[in-house]
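One structure is given here, and the rest of the page talks about it.
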Amino acid sequence: MPGEALRARGRLTSAADRRSALWLLVGSLAVLQFAYPATLDGRLWTLLYLSVYIGLVVVAVRIGAADPRRFWPLVAAAAALVAGATWFAVQQDDLAATRAMLAGSFLLQLALMVALLDALVHPPAHATVTDLILVAVAIYLLFGGVCGLLSAQLELAAPGSFVDQTASGEPLAWQGLIYGSYVTLTTLGFGDIVPLAPWARALWSFEAVVGTLYLAIVIARLVGLGGSHTWLRGRDTRAPGPDEP
């Protein structure tokens, strides 16, 4: 019937929109978490790097609009990031501006990670296995970023909390701690950047343990959902039947 066909088309369009937002999130995170050396190449590259945060803000607003419980935390975090990033773009050598940018990025990434964790633990009715894989990847990237940004704030508050053994005593910048965070998350442990202060060691130990457990738990979760006939029933990958809304 025409009405059923329109509803089916609407559901498929919504599924495509949701997946596009997830791809935008994963793509933005990949650039932000691994293209940070661009900020060392001058003001223009720094501005281009900061512009990638637009992708995170767009996804945060979409999640907030779809889930009233997350609206204000996500909007507040996005506003903090926009304010901090704008200040840092104007005064890149100012310590307070750097702290504001890092704090705004930390808050937005943390808020997004919490929202996505809820979606992974309690999958919405419209989610597909592919959607949840993208969500799981985004959470992993966000966790590494959150720990890296927290490490950077710790180093700014207490210089010497971390040390780069290849830098001949030069101050450790936040870019190096983003790198060190992902090396720790993946348990590679190159040994070039090491935590010295007690809280720095506790943070990176926690990150390594959680990162290892996360992979095992998420794989088990996705395998369980993928094999669940109850959960697979009614996915958006097919048109609804005559008795479905």
Side-chain angles (χ1 to χ4, degrees), residues 9-39 43-90 92 97-98 100-150 152 174-175 178 181-182 236:
R9 186 180 306 170
R11 289 179 56 163
L12 292 173
T13 301
S14 298
D17 290 343
R18 289 191 297 270
R19 191 160 301 164
S20 296
L22 288 174
W23 277 114
L24 174 62
L25 175 61
V26 171
S28 299
L29 286 172
V31 173
L32 289 170
Q33 313 300 42
F34 305 121
Y36 54 83
T39 60
R43 185 176 298 274
L44 176 60
W45 283 105
T46 300
L47 292 174
L48 290 174
Y49 173 82
L50 293 175
S51 69
V52 181
Y53 273 109
I54 295 173
L56 264 65
V57 172
V58 169
V59 175
V61 171
R62 290 195 60 170
I63 292 175
D67 187 353
R69 298 173 302 163
R70 308 295 181 192
F71 180 76
W72 288 114
L74 285 167
V75 169
L81 171 63
V82 171
T86 302
W87 186 9
F88 179 72
V90 174
Q92 296 179 20
T98 301
M101 183 273 293
L102 294 175
S105 180
F106 169 80
L107 290 173
L108 181 58
Q109 293 194 40
L110 180 63
L112 279 170
M113 187 176 70
V114 171
L116 293 175
L117 274 171
D118 182 57
L120 188 62
V121 174
H122 306 290
H126 54 68
T128 66
V129 174
T130 301
D131 294 335
L132 295 184
I133 290 174
L134 291 173
V135 168
V137 171
I139 292 171
Y140 192 69
L141 293 175
L142 284 166
F143 183 62
V146 164
C147 290
L149 293 165
L150 191 56
W174 63 268
Q175 292 92 337
I178 297 294
S181 174
Y182 281 101
D236 284 334

Check: Ser105 side chain, Met101 main-chain N or O, donor-acceptor pair, under 3.5 Å | no
Over all atoms of both residues, closest heavy-atom pair of Ala152 and Leu102 = CB-CD1, 3.9 Å
Give the minimum heavy-atom separation between Gly148 and Ser181, together with the two atoms involved.
-> N-OG, 3.2 Å
What distance separates Cys147 SG from Phe106 CZ, expressed to the nearest 0.5 Å?
-> 8.5 Å
Measure across Leu50 and Ala89 and return the closest heavy-atom pair with its distance rounded to 0.1 Å.
-> CD1-CB, 4.0 Å
Distance col, row His122:NE2 vs Leu117:CG, nearest 0.5 angstrom, shows 10.5 Å
For the residue pair Thr39 and Trp45, establish whether any side-chain heavy-atom pair is separated by less than 4.5 Å.
-> no
Could you check if a side-chain atom of Thr46 sits within less than 4.5 angstrom of a side-chain atom of Phe88, using non-hydrogen atoms only?
-> yes
Scan side-chain atoms only and decide if Thr128 and Asp131 contain a donor-acceptor pair under the 3.5 Å cut-off.
-> yes
Gap between atom CG of Leu116 and atom CG of Leu22 - 0.5 Å precision | 7.5 Å
With rounding to the nearest 0.5 Å, note down the distance linking CD1 in Ile139 to CG in Leu134.
-> 11.0 Å
Report the distance from atom CZ of Arg62 to atom CG of Leu24, rounding to the nearest 0.5 Å.
-> 9.0 Å
Taking every heavy atom of Leu132 against every heavy atom of Leu120, the minimum-distance pair comes out as O-CD1, 4.0 Å
When you check the gap from the basic side-chain N to the acidic O, do Arg69 and Asp118 get nearer than 4.0 Å?
-> yes
Minimum heavy-atom separation for Ala80 to Leu107, with atom names?
-> CB-CD1, 4.2 Å
Between Gly55 and Ser28, the two heavy atoms sitting closest are CA-OG, 3.5 Å
Of Val114, Leu141, Leu56, the one forming a side chain to side chain contact (heavy atoms under 4.5 Å, CB included) with Gln109 is Leu56
Are Leu74 and Val61 side-chain neighbours, meaning at least one heavy-atom pair lies under 4.5 Å?
-> no
Would you call Leu29 and Leu112 a side-chain contact if the rule is heavy atoms closer than 4.5 Å?
-> no
How about Ile178 and Leu149: do any of their side-chain heavy atoms sit closer than 4.5 Å?
-> yes
Is the Trp174 ring parallel, tilted or perpendicular to the Tyr49 ring (thresholds 30°, 60°)?
-> tilted
